[in-house]
**Student:** 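Below is the structure I would like to discuss, written out as structure tokens.
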Amino acid sequence: MSVVVALLVGVLASVGTWLILQHTLTRVVLGLGLFANAANLLVLAAGGPPAEAPIIGRDGPFNDPVPQALVLTSIVIGLAVITFLLAVAYRSWTIDGNDQVEDDIEDRRLAAEERARKGTRG
Amino acid sequence: MSALLPLMVALPLGAAALAVIFGRWRRLQWVIAVVTIGLTLAMAVVILIEVDHDGTLRANLGGWPGRIAISMVADRLAAIMLVLGAAMLFAVLIYALGQEGVDARSPWYVPAYLVLSAGISAAFLAGDLFNLFVAFEILLMASYVLITMEGNDAQIRAGTTYVVINVVESLLLFLAVGLTFAATGTLSMSVLPERIAGLPVGVAIGLNMMLLLAFGLKAAVFPLFSWLPDSYPAALSPVSAVFAGLLTKVGVYAMIRTETLLFPGGQRTLLLVIAGITMVIGGLGALAQVDMKRILSFHIVSQIGYMVAGLALGGVAALAATVFFVIHQIPTKTALFLVEGIVENDTGTSALDRVGGLARRSGLFAVLFLIPALSLAGIPPFSGFVAKVGIIEAGFSGADWVIVGVALLASLLTLVSMVKIWTGVFWGDPQPHPRGRVGLVRHHRVMGGVTAVTVAACLAIAIAAGPIWDFCERTASQLVSTQDYGKEGSR
């Protein structure tokens, strides 16, 4: 069980990282979603093996409720952030028709100077 | 008295809700914001006096016993940060009121600003790691909205970088918090030190690194700083003033907590190396820029290096210097960005080659820039000099010659790039301007007035350096004795 969870965390985290490094904002958003799920699963798995719900009147062994509370909070925050990012991606699309994560304007200016000096088109 | 602690967070959040409800009446929104942030400032001052006299305050929310409750803790460091935070938020709010076109601004500006204020207070007061994470999320969410407020091309581009970087930071912090809980079984910062001390060395270093990575991203230390100079300049000038003054310092605050309370003396060499490179890279980056806002943004990075250096050196003297540095840095940096805001508001740009001759248009305005600029570079008799002397003295007493040399070199770089702003913006012939040669401060009374008050606060820190230094030493000795942080016995 825990090996499966560990593997799943690893796969989600690595795919998430790869997607975050892409140049398209929608892929970045998907990557963040996957990475967030990897983090949630990891924290959930760190809470220990599955056991009884910790309610007064039941017999143990109980599960630790704190990691689940943490994960719940994290899911809610993740939802809000991803919604916001999708709005930004949409806005970016209405402005210039794509959702590329563009280079900084100053960086672009410096790169353009560099290209002009070399006399080539990048 | 400890009832004030949750109010510092609840009041701005409630006011934010009110401001959303009254979104159509902009004037009313601003009244709500001014009253609320004014009140939080007053409460923060009361908390600071109380904490300095009678010791750490602690509030267990909902009346639960300490081990279960969500707790808020205010020791001296948290209290002084609360005061500085509220004061800067108040100043910038009034400044924003004086800007042209304030009524045309989005109805979400004031609510987001209030939520930001709540988040900053919550981060300083958080008594456990998870609340610290939640507080970071509150202030980040508000900052996402503020940085993309106008939704234009530049803001969306800068905002994308900012949001993505900060979401990654949040995820790392969440992972670190979850793993800390898995390893120690607690998140309360008053219990964590003893539990962490009992962990195997490898686990402790791993947790320490993850927390440092997350907070270092927020504080923009080398090599995690490159998002900052790309994103801050795109925001509205009052927004970038608040971000520059406060947000990175929240990261520094969290780093101070991690390295003094949870992992005392853990990563001295690593932090010293990071601090040195951060100072120099920030200074060199500032030299290469040709835009006032971007130069100032690189200075943020460079100055963070000094705080990390003080933190790394450790011991009461160095920590006192770090606290003094933060106290000096917040108003000084805010003042510089406020000056920049007036330049941008008046001339429509902050590019060095398109502005010029402002000193001839308004001598007073030039002085308003010169004082915080020289202070930031560490020229006596301003507050930056006292702060840097403190850190350099701590370096001398520990015979850490390298960091002393690097700190002095970085000061020089700061000074040179300030001279660059001075020659670009203030010297030279005035550009043709529709208003002719009207004084800048006379034309932007409210903005100029707020800037003048902030600069006066910087001067006051230099004048009252003695008492403030004593306070910093008390703060530092409290930081060093970790058992003082929010134990059950304290109220």
Side-chain angles (χ1 to χ4, degrees), chain A residues 9 13 16-17 20-23 25 28-29 31-48 64 66-71 73-78 80-85 87-96 99-110, chain B residues 68 70 128-131 133-134 136-138 140-141 144-145 147-148 150-168 170-183 185-187 226-227 229-231 233-234 285 288-291 293-294 297-298 351:
Chain A
V9 169
T17 311
I20 291 171
L21 296 176
Q22 299 302 302
H23 248 275
L25 191 50
V28 174
V29 173
L32 287 172
L34 288 181
F35 199 95
N37 278 324
N40 290 341
L41 266 181
L42 179 64
V43 173
L44 202 60
D64 192 340
V66 176
Q68 298 172 17
L70 304 189
V71 168
T73 317
S74 158
I75 290 174
V76 176
I77 291 170
V81 167
I82 284 179
T83 315
F84 185 84
L85 267 173
V88 169
Y90 177 72
R91 180 77 197 173
S92 167
W93 179 75
T94 55
I95 287 177
D96 52 15
D99 67 341
Q100 292 282 312
V101 180
E102 285 169 58
D103 295 333
D104 183 65
I105 233 164
E106 282 288 311
D107 297 346
R108 256 193 288 178
R109 190 183 59 79
L110 290 174
Chain B
I68 309 172
I70 291 173
D128 64 74
L129 272 184
F130 191 67
N131 269 319
F133 166 73
V134 174
F136 265 71
E137 287 305 321
I138 296 175
L140 284 176
M141 213 58 212
Y144 300 159
V145 176
I147 208 166
T148 53
E150 302 199 303
N152 56 31
D153 193 12
Q155 286 196 350
I156 289 292
R157 184 179 53 239
T160 311
T161 322
Y162 180 80
V163 176
V164 170
I165 274 287
N166 278 294
V167 172
V168 170
S170 308
L171 287 173
L172 287 172
L173 182 55
F174 176 69
L175 271 179
V177 170
L179 292 177
T180 307
F181 183 80
T186 182
L187 288 171
S226 53
W227 56 273
D230 278 358
S231 55
Q289 300 302 318
V290 289
D291 181 287
K293 220 173 183 178
R294 289 182 66 95
S297 297
F298 270 103

**Student:** Among B:Val134, B:Leu187, B:Leu129, find the residue that satisfies the side-chain contact (heavy atoms from CB on, under 4.5 Å) test when tested with A:Leu70.
**Tutor:**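 Of all the options given, the one that passes is B:Leu187.
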**Student:** Under a 4.5 Å heavy-atom cut-off, does chain A meet the side chain of B:Asn166, its backbone, both or neither?
**Tutor:**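 Neither part.
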**Student:** For B:Phe174, is it the side chain, the backbone, both, or neither that has a heavy atom closer than 4.5 Å to a heavy atom of chain A?
**Tutor:**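 Interface part for B:Phe174: both.
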**Student:** Counting C-beta onward and ignoring hydrogens, is there a side-chain heavy-atom pair between A:Val66 and B:Phe130 closer than 4.5 Å?
**Tutor:**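 Counting from C-beta outward, A:Val66 and B:Phe130 never come under 4.5 Å.
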**Student:** Identify which part of A:Asn40 has an atom lying under 4.5 Å from any heavy atom of chain B, answering side chain, backbone, both or neither.
**Tutor:**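 A:Asn40 touches chain B through backbone and side-chain heavy atoms alike.
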**Student:** Heavy-atom distances under 4.5 Å only: say whether B:Phe181 touches chain A with side chain, backbone, both or neither.
**Tutor:**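 When you check distances to chain A, only side chain atoms of B:Phe181 fall under 4.5 Å.
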**Student:** What distance do A:Ile77 atom CD1 and B:Leu140 atom CG have between them, rounded to the nearest 0.5 Å?
**Tutor:**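 If we round to the nearest 0.5 Å, A:Ile77:CD1 and B:Leu140:CG are 9.5 Å apart.
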**Student:** What part of A:Leu32 gets within 4.5 angstrom of chain B, counting heavy atoms only: side chain, backbone, both, or neither?
**Tutor:**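 Both backbone and side chain of A:Leu32 come within 4.5 Å of chain B.
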**Student:** To check you understand the geometry: which heavy-atom pair defines the closest contact between A:Ile95 and B:Asn152, and what is its length?
**Tutor:**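 Scanning both residues completely, I find the closest heavy atoms to be CD1-C, 3.9 Å.
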**Student:** Using a cut-off of under 4.5 Å for heavy-atom pairs, which of A:Ala46, A:Ala39, A:Ala38 has the most such pairs with chain B?
**Tutor:**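 Heavy-atom pair counts peak at A:Ala39.
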**Student:** Which answer fits B:Val145, side chain, backbone, both or neither, if we ask what part of it has an atom under 4.5 Å from a heavy atom of chain A?
**Tutor:**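 When you check distances to chain A, atoms from both the backbone and side chain of B:Val145 fall under 4.5 Å.
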**Student:** Verify side-chain contact (heavy atoms from CB on, under 4.5 Å) between A:Leu85 and B:Val164, making sure each step is shown before the conclusion.
**Tutor:** CA-CA 8 Å; A:Leu85 267 173; B:Val164 170; 4.2 Å; yes
**Student:** Locate the shortest heavy-atom distance separating A:Ser92 from B:Ile156; write the atom from each residue and the value.
**Tutor:**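 Residues A:Ser92 and B:Ile156, closest heavy atoms: CB-CG2, 3.8 Å.
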**Student:** Please state whether the side chain, the backbone, both or neither of A:Ala80 comes within less than 4.5 Å of a heavy atom of chain B.
**Tutor:**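 Backbone plus side chain of A:Ala80, per the 4.5 Å heavy-atom cut-off to chain B.
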**Student:** Apply side-chain contact (heavy atoms from CB on, under 4.5 Å) to residues B:Val177 and A:Val43 and explain how you reach the verdict.
**Tutor:** CA-CA 9 Å; B:Val177 170; A:Val43 173; over 6 Å; no
**Student:** In the structure I gave you, are the side-chain heavy atoms of A:Phe35 and B:Val168 within less than 4.5 Å of one another anywhere?
**Tutor:**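 Counting from C-beta outward, A:Phe35 and B:Val168 never come under 4.5 Å.
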**Student:** Please classify the contact of B:Leu172 with chain A as side chain, backbone, both or neither, using a heavy-atom distance under 4.5 Å.
**Tutor:**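 No part of it gets close to chain A.
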**Student:** So do B:Tyr144 and A:Val88 actually touch side chain to side chain, heavy atoms under 4.5 Å?
**Tutor:**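 The answer is no; the side chains never approach within 4.5 Å.
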